[in-house]
Amino acid sequence: KLLLFVIPILLDFASSCGQIDAVGFNDYGFVPQSDNLLNTRHKRQVKNVLDSRKACKSDDEQPEQRVDTTERLLLLREKLTKLDLDAFLVPSGDSHQSEYVGLADKRRQWIGGFTGSSGFAVVTKNEAAMWTDGRYYLQAEDQLDCNWLFMKGQEDDDASWFHWLSQRLAPGARIGADPSLTGALAWLEWGEYFKRQEKNFTLVRIYNNPIDEIWYDRPSRPKDELEVHDVKYSGQTWQEKLQRLRVEMRKHNKVDAMVITALDEIAWLFNLRGNDIPYTPVFRAYSVVDANKTILYIPPEKHTMNVKRHLLSQDCPEEGGPDCVQIKDYEAIFEDLPSLQTDWSKVLMGKKVAYSGGASFAIYSLVDPEKRYLAPSPVMLMKAQKNQAEVEGMKASHIRDAVALIEFAALLESEMKSGIKWDELKAAKKLKELRQQQALNKGLSFPSISAYGQNGAVIHYKPDNVTNT
């Protein structure tokens with residue numbers, strides 16, 4: 001038999017494996033430019049009938065991976081009734097439009113039981129539907145219990161939740177969503193779409209997410225301190241990066257400030273690393289940069305002396321300065337932004353581009369309409385241009401990782417020849433140990449995809465005590 005272990009490779013910052021496409025149905029912020037797209041005939045019918053779901057007949061044995069979501073959906077629907085909502089939208093991302101999110105931000109996973117990184121859930125008063133793409137079909141079929149319709153995505157937009165809701169809800173329906181979990185551009189497109197529909201649906205901003213209120217076992221957020229990323233690895237100081245950013249900002253007509261929301265961009269810009277999201281060295285934060293000051297908004301427990309010294313924050317004047325960084329509490333940006341903008345003509349906020357989700361609608365809506373300016377983040381583009389230190393670091397990390405992989409392959413081959421038994425969990429654990437022995441290792445970029453036999457057909461498979469082979 002063929003033993004196949006597909007193993008992650010350490011990347012420069014975080015793995016890009018598994019990113020969703022930037023165009024079409026797989027972009028969950030996509031809105032058809034023409035209503036005719038909704039009437040396009042299916043090339044393949046969307047699977048959305050419970051009778052066709054795996055193990056959803058009365059005498060079927062349930063897969064062990066399934067979570068019973070009956071109570072969770074009941075609690076959510078009670079909240080929808082109190083909010084006078086007919087449906088609620090649950091994307092996968094967090095307040096920074098991240099694809100991979102912290103445990104406390106996995107709302108879609110908690111309400112539906114589906115653990116894949118990509119998906120979109122819609123809950124009405126009597127139905128619940130989950131969309132995901134082809135990477136997760138097998139996984140979703142096993143994990144979604146029979147409270148859920150499983151919507152298989154495809155290139156055409158026929159299966160989108162817009163069309164699905166229009167077939168089910170009465171005219172004048174109120175559809176709620178959390179504006180902090182949706183990109184500004186996507187929210188604006190949703191609103192325009194609803195206006196064009198004959199049923200006159202209303203998109204309602206729900207700032208206090210009802211899932212947060214019913215999530216009785218919600219994980220706490222990490223309290224880990226931030227680490228300073230040494231300039232010998234970054235190749236540039238944060239002061240040099242801010243100087244470059246201000247030059248890039250001036251290239252945009254009349255832009256005199258920028259609100260940065262993407263976590264990877266903030267970590268890169270300030271040469272800081274965190275542990276708020278598994279397998280990704282980032283931390284919850286916002287930043288505001290204009291010609292005269294820089295503000296970093298982070299949770300209070302991360303306001304350490306190490307960070308303050310690094311950012312020269314201790315001696316930074318109250319009005320700020322171009323060569324120091326003011327540190328404020330994470331939530332304070334929602335109070336500060338309306339008053340800060342009085343001195344600005346135009347405010348640049350990140351627009352969704354490829355793998356960057358852009359600023360949330362919650363942040364976007366705080367800026368006066370005439371001052372809003374959405375464009376690809378210059379920090380994203382700066383970060384993409386690697387300097388010599390970063391290039392050498394990438395090369396060196398891949399060499400170290402190759403050593404761990406070779407050691408693993410040699411050990412696996414030797415022990416199997418000797419009759420020593422291996423399974424998926426043992427392989428993943430050993431490979432992690434060998435990687436951790438390498439100098440400068442900070443952990444995996446995502447869980448090892450260790451798969452044997454039929455499990456090798458499950459994309460993004462991660463072994464556990466139930467599936468281990």
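Just the heavy atoms: all of them, side chains too, but no hydrogens, waters or symmetry mates, feed the values below.
Nearest heavy-atom pair, Cys316 versus Gln326, reported as atom, atom and distance to 0.1 Å: SG-CG, 3.9 Å. Scanning both residues, Ala128 and Arg77, for their nearest heavy atoms gives N-NH2, 3.7 Å. Scanning all heavy atoms of the two residues, the minimum distance from Ala359 to Met349 falls at CB-CB, 3.9 Å. Nearest heavy-atom pair, Ser345 versus Asp256, reported as atom, atom and distance to 0.1 Å: N-OD2, 2.8 Å.
Salt-bridge formation is detected for the pair Arg435/Asp401: a Lys NZ or Arg NE/NH1/NH2 atom is positioned less than 4.0 Å from an Asp or Glu carboxylate oxygen. A salt bridge links Asp105 with Arg221: the closest approach of a Lys/Arg side-chain nitrogen to an acidic carboxylate oxygen falls below 4.0 angstrom. In this structure, Lys79 pairs ionically with Glu213, as a charged nitrogen and a carboxylate oxygen lie closer than 4.0 Å. Using a 4.0 Å cut-off between charged nitrogen and carboxylate oxygen, Lys442 and Glu227 count as a salt-bridge pair. The pair Lys302-Asp276 meets the salt-bridge criterion, with a side-chain N (NZ, NE, NH1 or NH2) lying under 4.0 Å from an Asp/Glu carboxylate O.
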Side chains of residues 306-314: which donor-acceptor partners sit under 3.5 Å, not counting sequence neighbours?
residue: His310; atom: NE2; partner: Phe270; partner atom: O; Å: 2.8
residue: Ser313; atom: OG; partner: Val325; partner atom: O; Å: 2.6

Could you list the donor-acceptor pairs under 3.5 angstrom formed by side chains in residues 425-432, with sequence neighbours left out?
residue: Lys426; atom: NZ; partner: Lys421; partner atom: O; Å: 2.9

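Ring to ring, Tyr279 and Tyr100 are not that close: their centroids are 6.0 angstrom or more apart. Taking the six-membered ring for Trp and the full ring otherwise, Trp268 and Trp238 have centroids separated by 6.0 Å or more. Phe446 has its ring centre no less than 6.0 Å from the ring centre of His460. Here the two rings, on Tyr136 and Phe114, have centers that are under 6.0 Å apart.
Stacking of Lys328 on the aromatic ring of Tyr297 is not recorded, the 6.0 Å distance cut-off and the 45° axial limit not both being met. For the pair Arg273 and Phe283, the cation does not sit on the ring face, since its NZ or CZ is not both under 6.0 Å from the ring centre and inside 45° of the axis.
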Subject >> side-chain hydrogen bond (donor to acceptor under 3.5 Å, both in side chains) assessment of Ser377 paired with Glu265 >> reply: CA-CA 9 Å; Ser377 169; Glu265 295 178 16; 2.7 Å; yes
**OP:** Evaluate salt bridge (Lys or Arg N to Asp or Glu O under 4.0 Å) for Asp264 paired with Lys383, printing each intermediate quantity in order.
**Re:** CA-CA 9 Å; Asp264 59 328; Lys383 184 166 70 74; 3.1 Å; yes
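Residues that satisfy the side-chain hydrogen bond (donor to acceptor under 3.5 Å, both in side chains) test with Lys232, not counting sequence neighbours, are absent from this structure. Remark: Asp290 engages Lys293, Trp344 in a side-chain hydrogen bond (donor to acceptor under 3.5 Å, both in side chains) (not counting sequence neighbours). Listed by chain and residue number, nothing satisfies the ring pair (Phe, Tyr, Trp, His ring centres under 6.0 Å) test with Tyr207 (two or more places apart in sequence, or in another chain).
Each salt bridge (charged side-chain N to carboxylate O under 4.0 Å, His left out) pair with one or both residues in residues 313-326, not counting sequence neighbours, would appear here, but there are none.
At a cut-off of 3.5 Å, with distance as the only test, a side-chain donor of Thr115 or Gln139 sits close to an acceptor on the other residue. If you check the side chains of Arg174 and Thr202, you find no donor sitting under 3.5 Å from an acceptor. Side-chain contact, Arg205 with Thr182: no donor N or O sits under 3.5 Å from an acceptor N or O. Side-chain atoms of Tyr461 and Ser450 form no donor-acceptor pair, as typed in the model, at a separation below 3.5 Å. Side-chain atoms of Thr467 and Gln65 include no donor-acceptor pair closer than 3.5 Å. Counted by atom type alone, Glu433 and Gln437 present zero donor-acceptor pairs between their side chains at under 3.5 Å.
Not a single donor-acceptor pair under 3.5 Å links the side chain of Glu192 to the backbone N or O of Leu188.
Remark: of the listed residues Phe88, Phe201, Phe120, Phe120 is the sole one forming a ring pair (Phe, Tyr, Trp, His ring centres under 6.0 Å) with Trp161.
Between His96 and Tyr330, the two ring planes are tilted [angle within 30° to 60°].
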